[in-house]
Number of protein chains: 2
Amino acid sequence: MPRVSKRQKLLEAAALIVHNQGIDALTLDAVAKQAEVSKGGLLYHFESKEALVKGLVQHMDNIYRENVEGSTKEDSEETGKWTRAFVNTMYKQSLENKEISAGMLAAQGINPDLLKPLQETYDHWQEQIQQDGLDDVQATILRLAVDGLWLSEIFGLGTLDQEMRKRVLETLLEQTHPKEKS
Amino acid sequence: MPRVSKRQKLLEAAALIVHNQGIDALTLDAVAKQAEVSKGGLLYHFESKEALVKGLVQHMDNIYRENVEGSTKEDSEETGKWTRAFVNTMYKQSLENKEISAGMLAAQGINPDLLKPLQETYDHWQEQIQQDGLDDVQATILRLAVDGLWLSEIFGLGTLDQEMRKRVLETLLEQTHPKEKS
DNA sequence: GAAACTATACAGTCCAGATGGTATAGTTTC
DNA sequence: GAAACTATACCATCTGGACTGTATAGTTTC
């Protein structure tokens, strides 16, 4: 009677472990225990550790895609909509669901090739952002800044206080609207 | 009579392994082999794996500090010098010495607390950047953008082509000089 | 100035425990 | 009755790191 499938629970458990204890602590036993699933149950869903990490990356990729692509469709303003969608999504994620980036860290740790799906998604977004009706360099800088925000959250490097974070976001979003002057 | 101390070689070997194969491949045996040092030799210099990673982080911290702080001292223009130093340093590192960020990944993997020295360094820089004579939000955005560039290189997410990267850097640097208008 | 000793910088081996993964037998849910 | 598990035992391999051994450069003692 899996209301929330155990598969989901396993992914969340794995992400949580990576987030809190680092990827060295990501063992099959630990994930099973955290998810309150037997080891057999884990291996029923993910036949290997690599498969688990693959699932983590895919999960992350799905969530990001849904958010970004959904966001572009709701945006009534054509110009800058990809850039806006990216900024909004990444910013939101960096607040809500920090564990989600765990998939990325885990993949880098175990087998960097597993990052491919995410890399392709990102490459696609970067293309859109460069053709978003804005100055391509300026749009790219906005994108990079949000990624920087994300990096700072993941590793705790020069994190901004709430006020500053808010002002940064507002400024970034402002700049996704075409300017009158220069 | 160690010309280049084996300690250095060990650190470089460890960073290379993390960079190429991910941190799961960072075993004492692998590092020793890569550095052409025996395992005993490794443990002479670093009494534990954690100590090795600590060394990696410290090494990274040192290099960054030297670069950023050195750069501020050479800068003849007072306004924006920290922001400029940061942008220049991180950009340079992202090209030259990609393995250097391995320390960060390794620390996150093994024991996130090991990141502390780097975190303190970054917090200090962030303070300086916010009081750099520029608009504090704008300066912070520049800083974040370079970090984003760094993230994109580390994980291969939406990497920019050479031309775009160059234009981005130039634009970022331009913006570290105070503007006449608005 | 030679012998005795110390410190440093490694080499190489060994082992207890952890880990990924297999197997198997049974149980619950739809 | 098949899918989705639980529970547990088991194994081969890997890993950290303790431990012992050794070469050499420098220091002290007489």
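So that the names make sense, note that chain A is the first sequence line, chain B the second, and so on, each numbered from 1. None of the values given here were measured: they were computed from a predicted structure.
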Engineer: Do you know the tightest heavy-atom contact between B:V57 and B:A107?
Structural biologist: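 That closest heavy-atom pairing would be CG2-CB, 3.7 Å.
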Engineer: Rounded to whole Å, how long is the line connecting atom CG of A:L26 with atom P of C:dA18?
Structural biologist: 17 Å
Engineer: Just by protein heavy atoms under 4.0 Å, how would nucleotides 11-16 of chain C read 5' to 3' in B, S and -?
Structural biologist: BB----
Engineer: Are B:V37 and B:L16 in one and the same hydrophobic cluster, where Ile, Leu, Val, Met, Phe, Trp and Tyr link if side-chain heavy atoms are under 4.5 Å apart?
Structural biologist: no
Engineer: Is a side-chain donor-acceptor pair under 3.5 Å present for B:D61 with B:Y122?
Structural biologist: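 Side chains of B:Y122 and B:D61: no pair found under 3.5 Å.
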Engineer: Tell me: CD of A:Q8 to C1' of D:dC5, nearest whole Å?
Structural biologist: 17 Å
Engineer: What verdict does the side-chain contact (heavy atoms from CB on, under 4.5 Å) test give for B:L160 and A:L144, after you've listed the backbone C-alpha separation in whole Å, the side-chain angles of each residue and the deciding distance to 0.1 Å?
Structural biologist: CA-CA 10 Å; B:L160 311 180; A:L144 291 174; 4.1 Å; yes
Engineer: From CZ of B:R7 over to P of C:dA9, roughly how many Å is that when rounded to an integer?
Structural biologist: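 Computing the B:R7:CZ to C:dA9:P distance gives 11 Å.
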Engineer: In whole Å, I'd like the distance from the CG atom of B:L28 to the C1' atom of D:dG16.
Structural biologist: 6 Å
Engineer: Could you state the NZ-P distance from B:K49 to D:dT15, rounded to the nearest angstrom?
Structural biologist: 8 Å
Engineer: Using 0.5 Å steps for rounding, measure from the CD1 atom of B:I154 to the CG atom of B:D147.
Structural biologist: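 Answer for the CD1-CG pair, B:I154 versus B:D147, is 9.0 Å.
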Engineer: Figure out the CZ/C1' separation between B:F46 and D:dA18, and round it to whole Å.
Structural biologist: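 Going from CZ in B:F46 over to C1' in D:dA18 covers 19 Å.
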Engineer: Taking only side-chain nitrogens and oxygens of A:Y44, does any of them come within less than 4.0 Å of OP1 or OP2 of D:dC5?
Structural biologist: no
Engineer: Other residues, nucleotides and ligands only: do more than 12 of their heavy atoms fall within 6.0 Å of CD on B:E77?
Structural biologist: yes
Engineer: Output the rounded distance in Å from CG (A:L10) to C1' (D:dC5).
Structural biologist: 11 Å
Engineer: Is there a path from B:V137 to B:V87 through hydrophobic residues (I, L, V, M, F, W, Y) whose side chains come within less than 4.5 Å of each other?
Structural biologist: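 Yes, B:V137 connects to B:V87 through the hydrophobic network.
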Engineer: Could you tell me how far apart B:L52 (CG) and D:dT15 (C1') are, to the nearest whole angstrom?
Structural biologist: 14 Å
Engineer: Going only through I, L, V, M, F, W and Y residues with side-chain contacts under 4.5 Å, is there a path from A:Y44 to A:F46?
Structural biologist: no
Engineer: Do A:L172 and B:L134 share a hydrophobic cluster, counting only Ile, Leu, Val, Met, Phe, Trp and Tyr and linking them when any side-chain heavy atoms are less than 4.5 Å apart?
Structural biologist: no
Engineer: Return no unless some side-chain N or O of B:H45 is found under 4.0 Å from OP1 or OP2 of C:dA9.
Structural biologist: no
Engineer: What does the 5'-to-3' dot-bracket notation of DNA chain D look like when only Watson-Crick and G-U wobble pairs under 3.5 Å count, and pairs to other strands show as |?
Structural biologist: ||||||||||||||||||||||||||||||
